[in-house]
Amino acid sequence: MTERPILEVSGLCVSYGRIEAVRGVDIHVGAGEFVGVIGSNGAGKTSTLRAISGVVKPAAGAVNFDSSDVTGQPSHRMVARGLAMVPEGRMVFSDQSVRDNLVLGAYTRIKTDPRGVDEDIEKTIAMFPRLGERIDQSAGTLSGGEQQMLAIARGLLSRPRLLVIDELSLGLAPKILDMLFPVLIDLNRKGLSILLVEQMASYALSVTHRTYVMENGRVLLEGKSSDLAHDERVLDAYLGRR
Ligand code: ATP
């Protein structure tokens, strides 16, 4: 990992009125790295991702993506630059078909590269065959797991270099997660950088290279995931050891 990180976040602060959700967070993701963020409810994980992906403007701090200062840039610009976000709760367009949802993910290039978009849709279907079987079905009729597959596939349609995922596991059965995580590992092995916020610490620590632990709007710990999985503080607070 000698290259400059694809994402560098420094001194990030996010406030909602008087609530300081994120208070001076430093995070980086190396090119080709798979990085996790864990922490309890309200720790500021989602707010951190929102500020990185341009959904909210940071109150302070800087976001550098692909060697450019992108602090405060709106999310559509971030997508065009190569950062795609898979939001918490999936946010698929329920009334639209699976195919239309995928095409919407490719809005940055649908006019200039329709053939490439079709090819990429075929690739995501190969990755998630269930989406292929339901390609003309409205997204609202999919199961939670299938909607999460669609949300990931939609993110990939913009051909990102960094995929930012908020709470992959939310409301999903272990069986589905055992299917989704290997897809992410495979995408990462093929070169995609991934930043994953995950409340199920055991999953996050087992798939990522490096993990940040957030509490009360700050980074409490940071290290190799394989080390943190054995860290006393992590075992006690996040891996349910009594
Ligand atoms: P969770 O896992 O529960 O989503 P989180 O670690 O992602 O938690 P955030 O969602 O970033 O944490 O929330 C951090 C703090 O900011 C919390 O105290 C939350 O109540 C507050 N917060 C988040 N979004 C808003 C908002 N839109 N308006 C006001 N307060 C907010």
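When a residue number appears, it is its place in the shown sequence, counting from 1. As the structure lists them, so they are numbered: ligands from 1, and atoms in each ligand from 1.
- When distances from atom 20 (O) of ligand 1 to the protein are checked, no heavy atom turns up under 4.0 Å.
- The two residues Ile194 and Leu184 make their nearest non-hydrogen contact at CD1-O, 3.5 Å.
- Residue contact check for ligand 1: Gly44 places a non-hydrogen atom closer than 4.0 Å to it.
- Of all heavy-atom pairs spanning Thr208 and Val35, the tightest one is CG2-C, 3.8 Å.
- Residue contacts with ligand 1: Glu167 is included, with a non-hydrogen atom under 4.0 Å away.
- At the top of the distance list for atom 11 (O) of ligand 1, counting protein heavy atoms only, stands Ser47 OG, 2.5 Å.
- Residue contacts with ligand 1: Ala21 is placed with no nitrogen or oxygen under 3.5 Å of a nitrogen or oxygen of the ligand (distance criterion only).
- Protein heavy atom at the shortest distance from atom 3 (O) of ligand 1 is Asn41 OD1, 2.9 Å.
- The closest side-chain donor-acceptor pair between Ser97 and Ser138, if any, does not fall under 3.5 angstrom.
- For atom 23 (C) of ligand 1, the nearest non-hydrogen atom of the protein is Tyr16 CE1, 3.3 Å.
- No donor-acceptor contact under 3.5 angstrom links the side chains of Asp66 and Ser68, judged on distance only.
- Taking each heavy atom of Ala139 and Asn101 in turn, the nearest pair found is CB-ND2, 3.5 Å.
- Using modelled atom types and a 3.5 Å distance limit, the side chains of Ser47 and Tyr16 yield a donor-acceptor pair.
- Listed by atom number, the atoms of ligand 1 under 4.0 Å from Gln199 heavy atoms are 2 (O).
- Under the rule for a side-chain contact (heavy atoms from CB on, under 4.5 Å), the partners of Asp227 that lie at least two apart in sequence or sit in another chain are Lys224.
- Each of the atoms 4 (O), 5 (P), 7 (O), 10 (O), 11 (O) of ligand 1 lies under 4.0 Å from some heavy atom of Thr46.
- Taking all heavy atoms of Ala51, Gly42, Ser15 into account, the minimum distance to atom 8 (O) of ligand 1 is reached by Gly42.
- Within the 4.0 Å heavy-atom shell around ligand 1 one finds Ser40.
- Within ligand 1, counting atoms from 1 as listed, the ones closer than 4.0 Å to a heavy atom of Ala43 are 5 (P), 6 (O), 12 (O).
- Partners of Tyr203 under the ring-ring contact (aromatic ring centres under 6.0 Å, His included) rule, at least two apart in sequence or in another chain, are Phe181.
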